Each structure stands twice: as structure tokens, then as C-alpha cells.
Amino acid sequence: MSIRKHPPRPWPLLVLALTLGSGVAVGCGSSEPYFRANLTEMRLRESRDEPISPELQSEISNVLLSLFGDPDAPDIFAGQGVAAEAKAPLEAFGFDLAKLQLAAGPAFSDQTGKQHGLYRLHCAHCHGVSGDGNGPTAPFLNPYPRDYRQGKYKFKSTFGDAKPTDDDLKRILKDGIPGTAMPSFVLLPDNEIDALVEYVKYLSVRGETEIRLIEYVADEGEMPEGGIAEIAGGVPLQLDDDGLPEAEPEYENVVASILYKWAAAPTRIVQPVVPTVPLNSQSSGKDAEALAASIERGRKLFFSAETKCASCHGDAALGDGETTNFDDWTKAVFQPDANMQIEAAHAAEMLALGALPVRNIRPRNLRQGIYRGGRRPIDIYRRIFSGINGSPMPAQGSEAGIAGDNVSDDEAGGSVRRQKIWDLVNYVLSLPYEPLSQPPRPVEGYDITLR
Ligand code: HEC
Ligand code: HEC
């Protein structure tokens with residue numbers, strides 16, 4: 001096999017010296033201050049008889065280096081310009097260099113007490129220096145830390161596969177992800193949170209660019225014709241008065257077409273319809289009756305063929321309905337068949353290339369009252385409306401329905417009328433308080449057989 005664990009890095013000597021030099025000074029979780037190549041992606045994309053050559057591999061890492069720098073110096077080519085762009089590439093891409101510099105590099109505090117190297121200090125031991133979700137702590141965790149390189153995020157306000165907004169990422173950092181190892185960083189000052197959010201986006205755009213380049217060379221046997229000018233072309237994005245991108249860039253402009261999706265995230269926020277029912281956290285007296293009726297409607301929907309919630313979450317909502325599925329990250333690497341079986345030889349090869357061992361994804365146990373994406377009714381509405389990106393949990397809403405009361409239900413489509421999503425929200429939020437010993441009441445058309 002032609003892929004080496006550490007592809008050659010024909011970097012300028014200065015860069016090499018910098019990297020090695022800093023290796024001594026860095027702390028926990030940063031014994032590898034270089035971006036690991038995405039070896040599993042290469043193996044998955046290349047054909048057996050025509051592996052991606054070492055020359056092409058190093059071309060990819062060279063392009064990535066000149067566009068994104070290295071873990072110690074994201075702005076390595078600042079001032080030198082790239083291709084047709086006069087600005088340092090990351091600035092042209094719209095990144096805030098000062099924020100990236102604060103988050104990148106080895107962790108230390110300077111004489112003024114200012115903390116540097118925030119990402120390696122707080123995140124890398126789980127998410128890895130490269131943002132591949134494979135830091136030294138990762139193998140011990142379930143779920144695994146996010147691999148940012150797929151550009152996929154789960155707990156966000158936007159619909160479907162849209163990127164999270166900056167506010168979504170900030171909220172994740174402040175709240176953490178309850179029920180998982182992802183901690184809260186609420187005690188960090190806002191400027192540090194901002195720097196970390198910028199750095200997550202940077203790793204994500206870099207990782208997606210790498211995947212797109214691997215895809216390209218695997219298909220074409222060469223780098224894109226226009227070279228780095230084309231790959232980095234189309235930036236800065238043309239923005240309208242609201243700061244949103246005017247038009248989608250050419251697919252060949254790899255970085256621009258990835259940045260476009262990030263910039264467009266705010267246009268895809270799910271606005272819920274204004275609830276006509278009282279919500280489960282705030283009802284008393286007369287409201288209580290309306291709430292009880294809403295919960296009962298939600299219960300029926302939960303067990304209906306329309307939503308199939310119970311088929312995954314289980315007849316008692318303990319999360320034990322469908323337990324053999326995988327998340328998209330695992331599926332992408334291990335490629336299970338329709339019966340969720342993974343070929344042993346393929347699995348062994350992926351593990352040898354550094355993939356984390358396979359883990360099933362389980363639907364949430366809704367009796368526990370622990371919600372990874374937040375416990376406010378609007379959070380649960382968005383989870384049900386959009387599904388959970390990267391997981392088997394399906395969307396009940398549709399793209400058109402994100403505009404809340406600005407579109408009618410007929411225009412909105414989707415599998416469930418949006419007011420009914422509030423009934424489901426009320427039911428979900430009632431589950432932790434419903435005695436489990438109480439046998440589930442029958443729902444017409446649904447056969448409840450307790451396991
Ligand atoms: C102790 C391990 C750990 C540390 C430290 C950690 N994370 Fe995480 N992080 C996780 C896990 C586990 C998940 C995945 C949770 C899931 O999929 O439900 C995650 C998920 C995420 C996500 C994805 C959220 C989404 O909606 O998909 C982001 C973004 C993130 N972490 C950023 C960070 C940043 C930035 C830091 C450092 C400031 C950090 N994490 C530190 C374990 C960690
Ligand atoms: C195909 C299987 C499947 C179906 C159908 C399904 N879910 Fe899920 N659900 C999941 C999985 C898997 C998760 C965990 C996803 C994760 O954390 O990555 C989940 C998570 C959740 C969560 C937790 C959200 C959070 O923030 O932690 C809620 C609430 C939920 N589902 C409600 C529902 C409701 C209501 C329905 C029906 C409208 C439904 N689910 C249908 C698989 C499913």
C-alpha cells in the first residue's frame with residue numbers, strides 16, 4: 001500500500017524548524033503539533049489498482065499548508081499573498097487572524113497574563129490537534145468527540161445539513177453537551193470563546209478542503225487544473241447588505257464553496273411557529289388542561305406510523321428501539337451494508353489507518369430528561385423539526401417550513417404539521433415525569449409490546 005502514516009512534508013526549512021522547536025514547549029495533548037493527513041479518506045476514495053501516489057499526497061499537503069498554515073502558525077504565509085490574492089489567504093477567506101493566533105499554537109500565558117494556545121489547552125486532548133476527533137482521550141469516550149473535518153454538526157439552530165451559526169457554536173462551548181464528555185467552557189472570557197469558535201471553523205474548513213482535494217485527485221489522477229489559484233479562488237465572497245453571500249461560488253473554487261455554506265448559515269435558522277398550546281414548563285390552572293390535551297396528542301403522534309418515534313426510541317421511550325445503527329462519521333469510514341454489518345477486513349484496515357473503533361449510536365433515553373442540544377422547548381422543537389444532522393434521527397419539518405408563521409402549513413409541507421411538533425415537544429418534556437411502571441396506554445394502529 002502506498003500510503004505512509006506520515007506523508008513527506010516538503011515544507012520550507014523555516015517551517016520545519018518552527019514546528020520542531022515548538023514541540024518542546026507545548027503541553028498536554030500536543031505531542032503532535034502537525035496536521036495529520038486524512039488517511040482513511042484517501043484509502044476510501046482511491047481505487048485498489050490506482051492508489052493516490054505519494055507525489056499527489058504531498059501536493060495536497062502543500063496546498064493545505066500554503067492556504068491554512070500549520071497548528072503553530074495558521075498565518076504562516078501572511079503578507080506573502082497567495083495566487084492572485086494580495087492578502088494572506090486566511091484573511092481573504094474571511095477569518096479573523098488575531099482570533100486564530102490566540103487559539104493556535106502551544107499553550108502558554110505571556111507576561112501580561114494573556115493565555116495563548118487555547119485550542120491545545122482546552123480541546124485538543126479530545127478533538128485532536130487536527131480537529132479529527134481523535135485526540136488521546138477520544139478512544140475512552142462515548143460518544144466520541146466531534147471530527148470537525150466532515151463539516152457536520154448536530155446541535156444547532158439551522159435546518160438539515162446547514163452549518164451551525166457562530167451563536168450555535170458559542171452556545172455549545174458555554175453549555176457543553178449534557179450527557180457527553182463535552183464540557184462547558186462558560187468560565188472562559190468571551191474573547192477566548194470567540195477565538196475558539198473561529199478556530200473550530202478554521203479546522204473544519206481546512207478538513208473539508210482536504211476531503212474535497214482527496215476526492216478530486218482520486219477521481220482525476222491529478223490536482224485541479226487551475227492549481228492553487230483555482231482552489232483558493234472566488235474569495236472574498238461577495239456579500240449583500242445583510243452580510244450574506246450573494247451567489248454560490250463555482251464548485252472548482254473549493255475553499256469559497258465551503259466558506260459559502262458557513263456564511264449562508266444564518267439564512268437557514270429554523271423559526272418555529274408561535275405555539276397555540278401552553279408549553280410544558282410554564283402551565284398552571286386552566287392552562288394545565290390544555291397542556292394535558294397537548295401531551296396526549298403528542299403521545300399519540302409519538303406512537304404513530306406518521307412519525308415512527310417509538311420504533312427508534314422504544315415503546316417506553318427508553319432509547320432501546322433501534323440500537324444497531326451508526327452515526328454518519330462511522331458510516332463514512334466503516335461503510336456498513338443495509339443490515340448494518342461491517343466487513344471485518346475493511347474494519348481492520350480502517351483501524352490500522354487510525355480510525356477509532358466502531359460504536360453504535362443509540363436513540364436518546366427520553367425518560368432521563370437529558371438533552372444534548374438544550375432543554376428549552378425551542379431546542380426540542382428544532383431537534384424534532386430538523387432531525388439530528390449526522391445521526392439517524394429524521395427531520396419532521398422541511399426547508400420551506402423554517403420560516404415559521406411566515407409560511408402556511410400547506411406551503412411548508414413536511415411530515416407533521418408544525419403546531420403538532422409543539423405537541424411532541426410537550427410529550428417529550430413530560431416523559432421524565434411519567435411513571436415507568438404505568439403500562440403504556442394503547443394507541444390506535446400501534447402495537448405496543450413491552451420488551
Ligand atoms: C473531554 C473531552 C472534550 C473536550 C475537552 C472538548 N470536547 Fe468538544 N466534544 C466532545 C464530545 C464527546 C463531543 C460529541 C458529543 C456528541 O456527539 O453528542 C463534542 C462535540 C463538540 C462540538 C460539536 C457540536 C455539534 O453541534 O455537533 C464542538 C463544536 C466542540 N465539541 C467544540 C469543542 C471545543 C472548541 C473545545 C475546547 C474549548 C472542546 N470541544 C473540548 C468532547 C470534548
Ligand atoms: C431512525 C431513528 C429515530 C427516529 C425515527 C426518531 N429518533 Fe429521536 N433520536 C434518534 C437518535 C439516534 C438520537 C440521538 C442522536 C444523537 O445524539 O446523535 C435521537 C435523539 C432524540 C432526542 C434528543 C435530543 C437532544 O437534544 O438530546 C429527542 C428529544 C428525540 N430524539 C425525539 C424524537 C421524536 C419526538 C421522534 C419522532 C418525531 C424521534 N425522535 C424519532 C433516533 C430516532
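Just so you know, ligand 1 is whichever comes first in the structure, and atom 1 is the first atom listed for that ligand. Everything numeric in this text was worked out from a predicted model, so none of it was measured.
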S.K.: Of the side chain and backbone of Arg383, name the one, both, or neither that has a heavy atom under 4.0 Å from an atom of ligand 2.
M.R.: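 Within the 4.0 Å criterion, Arg383 contacts ligand 2 through side-chain atoms alone.
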
S.K.: With a 4.0 Å heavy-atom cut-off (strictly under), which part of Leu301 contacts ligand 2: side chain, backbone, both or neither?
M.R.: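 Neither part.
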
S.K.: Can you confirm if the NZ or CZ of Arg146 lies within 45° of the ring axis of Trp329 and under 6.0 Å from the centre of its six-membered ring?
M.R.: yes

S.K.: Looking at Pro392, which atoms of ligand 2 are within less than 4.0 Å of one of its heavy atoms?
M.R.: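 Atoms satisfying the 4.0 Å criterion: 1 (C), 12 (C).
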
S.K.: In degrees, rounded to 10 degrees, what angle do Met182 atom SD and His127 atom NE2 make at atom 8 (Fe) of ligand 1?
M.R.: 180°

S.K.: Distance from Asp405 atom CG to Gln271 atom CD, nearest 0.5 Å?
M.R.: 10.0 Å

S.K.: Answer side chain, backbone, both or neither: which part of Tyr119 comes under 4.0 Å from ligand 1, heavy atoms only.
M.R.: neither

S.K.: Would Arg375 count as a contact of ligand 2 if the rule is a heavy atom under 4.0 Å away?
M.R.: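 Per 4.0 Å heavy-atom rule, Arg375 does not contact ligand 2.
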
S.K.: Got an N/O contact under 3.5 Å between Ala181 and ligand 1?
M.R.: no

S.K.: With the side chain counted from C-beta on, respond yes when Val273 and Gln419 share a heavy-atom pair under 4.5 Å apart, and no when they do not.
M.R.: yes

S.K.: Quick test: of every protein heavy atom, which one is nearest to atom 2 (C) of ligand 2, and how far off is it to 0.1 Å?
M.R.: Cys312 SG, 1.9 Å

S.K.: Identify whether NZ of Lys or CZ of Arg in Arg212 sits under 6.0 Å from the centre of the six-membered ring of Tyr251 and within 45° of that ring's axis.
M.R.: yes

S.K.: At under 4.0 Å between heavy atoms, is it the side chain or the backbone of Ser391 that contacts ligand 2, or both, or neither?
M.R.: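 The answer is the side chain.
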
S.K.: Are there over 12 heavy-atom neighbours, none belonging to Lys331, within less than 6.0 Å of that residue's NZ?
M.R.: yes

S.K.: Between the side chains of Asp167 and Thr165, is a donor N or O closer than 3.5 angstrom to an acceptor N or O?
M.R.: no

S.K.: What do you reckon, does Tyr153 have a nitrogen or oxygen under 3.5 Å from a nitrogen or oxygen of ligand 1?
M.R.: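 Between Tyr153 and ligand 1, no N or O pair is found under 3.5 Å apart.
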
S.K.: Hey, is ligand 2 close enough to Lys308 that some N/O pair sits below 3.5 Å?
M.R.: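 Checking ligand 2 against Lys308, no N or O pair falls under 3.5 Å apart.
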
S.K.: Report yes or no: does His313 have an N/O/S atom closer than 2.8 Å to atom 8 (Fe) of ligand 2?
M.R.: yes

S.K.: Heavy atom to atom 29 (C) of ligand 2, shortest distance: which of Leu431, Leu366, Ile388 holds it?
M.R.: Leu366

S.K.: Which atoms from ligand 1 have a heavy atom of Leu196 less than 4.0 Å away?
M.R.: 38 (C)

S.K.: For Met393 and ligand 2, does the shortest N/O to N/O distance drop below 3.5 Å?
M.R.: no

S.K.: Side chain or backbone, does Lys154 bring an N or O within less than 3.5 Å of an N or O on ligand 2?
M.R.: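 By distance alone, the answer is yes.
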
S.K.: Can you tell me if Tyr144 contacts ligand 1 (heavy atom of the residue under 4.0 Å from the ligand)?
M.R.: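 Yes.
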
S.K.: Counting heavy atoms only, which of Gly131, Cys126, Pro178 is nearest atom 3 (C) of ligand 1?
M.R.: Cys126

S.K.: Which of the numbered atoms in ligand 1 are below 4.0 angstrom from a heavy atom of Phe185?
M.R.: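 The atoms of ligand 1 under 4.0 Å from a heavy atom of Phe185 are 36 (C), 37 (C), 38 (C), 39 (C), 41 (C).
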
S.K.: Given that the side chain starts at C-beta and the backbone is N, CA, C, O, which of these parts of Pro394 lies under 4.0 Å from ligand 2, counting heavy atoms, or is it both or neither?
M.R.: side chain

S.K.: Heavy-atom distance to atom 38 (C) of ligand 2: which of Ser304, Cys309, Gly390, Gly374 wins?
M.R.: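 Shortest heavy-atom distance from atom 38 (C) of ligand 2: Cys309.
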
S.K.: Judged by non-hydrogen atoms, does His125 sit under 4.0 Å from ligand 1?
M.R.: yes

S.K.: Between Trp262 and Tyr153, what is the ring plane arrangement, given parallel below 30°, perpendicular above 60°, and tilted in between?
M.R.: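 Ring orientation, 0 to 90° scale: perpendicular.
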
S.K.: Do Arg372 and ligand 2 have an N or O pair less than 3.5 Å apart?
M.R.: yes

